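Reading through the structure tokens given below for one structure.
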2 protein chains.
Amino acid sequence: MSHLGHATMEEMEERCAKAGLKLTEPRRLVLQILVESEDHPSVEMVYERARIKDPKVAMATVYRTLNLFHEFGIVTRIDLKESFARYELNWGHHHHLIDVETGEVHEFQNDKIEKLKSQIAAEMGYDLVECVLELYGRKRHAVA
Amino acid sequence: MSHLGHATMEEMEERCAKAGLKLTEPRRLVLQILVESEDHPSVEMVYERARIKDPKVAMATVYRTLNLFHEFGIVTRIDLKESFARYELNWGHHHHLIDVETGEVHEFQNDKIEKLKSQIAAEMGYDLVECVLELYGRKRHAVA
DNA sequence: CTATTTGCAAACAGTTTGCAATGCA
DNA sequence: TGCATTGCAAACTGTTTGCAAATAG
């Protein structure tokens, strides 16, 4: 399993409400898709999945909604070495390990690296605001 | 200063030769630009700088050359939270700290974090192949 | 001399935007 | 009613590609 934890629809709706976001039908739909998704879908994928539930949603709306959610910290944008962006709920800080052979994306968390990151920033005279950390790896084969 | 070290034109030409790359005039030009650059130029910037020395180079050639160099490990592609890519010579492993206020890009190196990265990958059953690590920070103001 | 590389312009992919119609407080 | 949001299509940006001419070994 690639997810460290789960947010519920109720929790996410609550966060939108707190952010003062009007939860219209298409927005709730996009949120729902992300809550249900076990993977890290591209905009296209979110659109496809949304269309199944409501064939009249527009791609542009999906883009606008994801941008809006991102702006309000509801959602996290993932930029891997790809030509498109992926999104996930902003829920529980973690980073990604990408299997270079299969493209699978795994999540991980590590306190030591979190401390080290802030420490490095501090040494350079900065307060850490944000961070991108992606590991690209090849599955280690069991040795006979 | 944002650079940890410098490669010379000779060293880079040598590496191209070893990679079996034909060093044509436009290619040498792009290489030259990168050797001279103290910053992390976008393709557009490389193109502009190249054009000063040779007004007849085409944007497409700059793209093709950078892709080629990237493919052969001569150059590193930097994907910050921007809509375009930046490039730098693949010379001395390091990561980037981006000043969120000014956009300045600083380089850093840290052995502890290198070890930790491989260790995390290993714990997840992977051999680390590559890694993206970007710190985004705000300059810490001196306290009175 | 032959294969590679270039410059140009057109194509392309992902994303954003203008606008009239719709929906919601 | 009035303002925000949607769907659609067109625009836009960064990047890639087809092709004929130029170049390199």
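Each chain gets a letter, A, B and so on, in the order the sequences are listed, and its residues count up from 1. Small disclaimer: the values here were computed from a predicted structure and weren't measured. FYI, side chains are in, hydrogens and waters are out, and symmetry mates aren't considered; it's all heavy atoms of this structure.
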Out of [options], which has the shortest distance to the side chain of [X]?
X      : options                  : answer
V43(B) : dT5(D), dT5(C), dT15(D)  : dT15(D)
F84(A) : dG14(C), dT17(C), dG7(C) : dG14(C)
R64(A) : dG7(C), dT4(C), dC19(C)  : dC19(C)
S83(A) : dA9(D), dT15(D), dG14(C) : dG14(C)
A58(B) : dT17(D), dG7(C), dA9(D)  : dG7(C)

Could you tell me whether the phosphate oxygens of [N], OP1 or OP2, come under 4.0 Å of any side-chain nitrogen or oxygen in [X]?
X      : N       : value
R27(B) : dT5(C)  : yes
T24(A) : dT6(D)  : yes
Y63(A) : dT15(C) : yes
N67(B) : dT15(D) : no
T61(A) : dG7(D)  : yes

Please determine whether a side-chain nitrogen of the Lys or Arg among [X] and [Y] lies less than 4.0 Å from a carboxylate oxygen of the Asp or Glu.
X       : Y       : answer
R140(A) : D127(B) : yes
K18(B)  : E14(B)  : yes
K53(A)  : E25(A)  : no
E13(B)  : R28(B)  : yes

Please figure out whether K56(A) or R77(B) has its closest DNA chain D nucleotide nearer the 5' end. K56(A)
On DNA chain D, check which nucleotide each of P55(A) and L68(A) is closest to and give me the residue with the more 5' one. L68(A)
Whole angstroms only, please: what is the [atom1]-[atom2] distance between [X] and [N]?
X      : N       : atom1 : atom2 : answer
L66(A) : dT16(C) : CG    : C1'   : 13 Å
M59(B) : dG14(D) : CE    : C1'   : 9 Å
E44(B) : dT15(D) : CD    : P     : 9 Å
L31(A) : dT5(D)  : CG    : P     : 15 Å
E71(A) : dT16(C) : CD    : C1'   : 14 Å
E25(B) : dT23(D) : CD    : P     : 9 Å
L21(B) : dA24(D) : CG    : C1'   : 14 Å
E82(A) : dT15(C) : CD    : P     : 10 Å

Is a donor-acceptor pair below 3.5 Å formed from side chain R51(A) to base dG7(D), judging by atom type as modelled? no
Hey, is the main chain of H40(B) close enough, under 3.5 Å, to the side chain of R86(B) for a donor-acceptor pair? yes
Does the plane of the ring in H70(A) sit parallel, tilted or perpendicular to the ring in Y87(A)? Use 30° and 60° as the thresholds. perpendicular
